[in-house]
Amino acid sequence: MLNLIEKFIGGSVRIIGINKFIIWVVNDKKKINNIIKIFNSYPPITSRLKAQLAFMLECFNKNNVEWYLNERNNKYNNFNIINQSYNIDYYYFNEWLSGFIEAEGCFSIRKTSNNHSFSIGQNNDKYILEMIKTNFSIKNNIRLINNKFWFIEVYNKLILINIINHCLQFPLLGEKALSFSKFRDLFK
């Protein structure tokens, strides 16, 4: 998926570290400005990305390397303020949700019990899980793990069918498409 982003938006995909961590990097200011235009049309939904975008805009506004070096570790200071935006009704939510499922979702098949489940979680942004819960009419409670990680897991067959139908209508474009395909094929 990052290769598609590199192809259509620019930048470069790099594999770093012993663990082969994959990142997408854009260092060209013109390309970064084009990415900002994309965010103007499709505003970020996660508070982390909202904070990163606000910091980047402030960096462009200041145009001061010393300021950047002094402030880069503070870019999430307004995290909790940004995190308050729950009532989001973006016209691209379903497409965004597929991308979010790609990044944070998990399709599970338990062979011993033939139970299937879908789970998804997010640090800090409970409002995102509330949106997903509403979107799929999930009745389960959102759980807080280790006072940081919000998590919801679904076993209900009708809800799983809704999630499957969503992923068929708004396809997953990365590695998660493989686990989804196995999940869908074994779902009964």
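Numbering of residues begins at 1 and proceeds along the displayed sequence. Keep in mind that the numbers below use all heavy atoms, side chains included, and drop hydrogens, waters and symmetry copies.
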- Between OG of Ser179 and CG of Leu172, what distance do you get to the nearest 0.5 Å? 7.5 Å
- Closest heavy-atom contact between Leu129 and Gly121? CD1-CA, 4.2 Å
- Would you indicate whether the side-chain heavy atoms of Phe100 and Phe93 approach each other to under 4.5 Å? no
- Determine whether Met56 and Tyr68 fall in the same hydrophobic cluster, where Ile, Leu, Val, Met, Phe, Trp and Tyr are linked whenever their side-chain heavy atoms lie under 4.5 Å apart. no
- Search all heavy atoms of Pro171 against all heavy atoms of Ser98 and return the closest pair with its distance. O-CB, 4.1 Å
- Message: Please check this pair: side chain of Asn64 against backbone of Glu66, looking for a donor-acceptor N/O pair closer than 3.5 Å.
- Response: yes
- Candidate pair Arg143 and Phe149, rule side-chain contact (heavy atoms from CB on, under 4.5 Å), full reasoning: CA-CA 8 Å; Arg143 299 182 306 201; Phe149 187 74; over 6 Å; no
- Query: How about Ile38 and Ile9: do any of their side-chain heavy atoms sit closer than 4.5 Å?
  - Reply: yes
- Between Trp67 and Phe60, is the gap from one ring center to the other below 6.0 Å? no
- Do Leu168 and Val154 sit in the same hydrophobic cluster, where Ile, Leu, Val, Met, Phe, Trp and Tyr count as joined when their side-chain heavy atoms come under 4.5 Å apart? yes
- Give the intermediate values and the outcome of side-chain contact (heavy atoms from CB on, under 4.5 Å) for residues Leu144 and Lys126. CA-CA 9 Å; Leu144 181 61; Lys126 182 180 180 186; over 6 Å; no
- Query: Do Asn156 and Lys139 come within less than 4.5 Å of each other through their side chains, counting heavy atoms only?
  - Reply: no
- Task: Using a 4.5 Å cut-off on heavy atoms from C-beta on, say whether the side chain of Phe21 contacts that of Ile15.
- Result: no
- Query: Per the ring-ring contact (aromatic ring centres under 6.0 Å, His included) rule, which among Phe183, Phe107, Tyr155, Phe180 passes with His116?
  - Reply: Phe183
- Task: Could you tell me whether Glu153 and Arg110 have a side-chain N and a carboxylate O separated by less than 4.0 Å?
- Result: yes
- Message: Testing the basics here: between Leu160 and Ser117, what is the closest heavy-atom pair and its distance to 0.1 Å?
- Response: CD2-C, 4.1 Å
- Query: Any donor-acceptor pair under 3.5 Å linking the side chain of Thr134 with the backbone of Glu130?
  - Reply: yes
- Closest contact, heavy atoms only, Leu2 versus Val13: O-CG2, 3.4 Å
- Message: Would you say that Ile22 contacts Arg14 through its side chain, given a criterion of any heavy-atom pair below 4.5 Å between the two side chains?
- Response: no
- Nearest-0.5 Å distance, CZ of residue Arg184 to CG of residue Asn165: 10.5 Å
- Task: Take Ser119 and Phe151, measure what side-chain contact (heavy atoms from CB on, under 4.5 Å) needs, and give me the verdict at the end.
- Result: CA-CA 7 Å; Ser119 59; Phe151 177 81; 3.6 Å; yes
- Should Ile161 and Ile159 be counted in the same cluster of Ile, Leu, Val, Met, Phe, Trp and Tyr side chains packed under 4.5 Å apart? yes
- Task: Grab the two heavy atoms, one from Ser47 and one from Tyr127, that are nearest each other, plus how far apart they are.
- Result: N-OH, 3.1 Å
- Starting at CG of Asn135, measure out to CG of Leu97 and round the result to the nearest 0.5 Å. 5.5 Å
- Message: Is the shortest side-chain heavy-atom distance between Phe187 and Lys157 below 4.5 Å?
- Response: yes
- Message: Using side-chain heavy atoms (C-beta onward) and a distance below 4.5 Å, is Ile45 in contact with Tyr92?
- Response: yes
- Message: A side-chain contact here means heavy atoms from C-beta on lying under 4.5 Å apart; do Asp125 and Trp150 qualify?
- Response: no
- Atom pair CG (Leu173) and CG (Asn3), whose distance is rounded to the nearest 0.5 Å: 12.5 Å
- Item | Separation between CD1 of Ile132 and CD of Gln122, rounded to the nearest 0.5 Å | 8.5 Å
- Task: Before giving the answer on side-chain contact (heavy atoms from CB on, under 4.5 Å), spell out for Tyr42 and Tyr91 the whole-Å C-alpha distance, their side-chain angles and the decisive distance to 0.1 Å.
- Result: CA-CA 9 Å; Tyr42 306 98; Tyr91 55 92; 3.7 Å; yes
- Can you tell me how far the CH2 atom of Trp96 sits from the CG atom of Asn94, to the nearest 0.5 Å? 11.0 Å
- Salt bridge present between Lys75 and Glu71 (N-O < 4.0 angstrom): no
- Query: Lys176 and Ile101: which non-hydrogen atoms are nearest, and at how many Å?
  - Reply: NZ-O, 3.8 Å
- Does Trp24 belong to the same Ile/Leu/Val/Met/Phe/Trp/Tyr cluster as Ile32, with side-chain heavy atoms less than 4.5 Å apart forming each link? yes
- For Asn33 and Lys29, indicate whether the former's side chain and the latter's backbone hold a donor-acceptor pair under 3.5 Å. yes
- Query: Should Met131 and Leu49 be counted in the same cluster of Ile, Leu, Val, Met, Phe, Trp and Tyr side chains packed under 4.5 Å apart?
  - Reply: yes
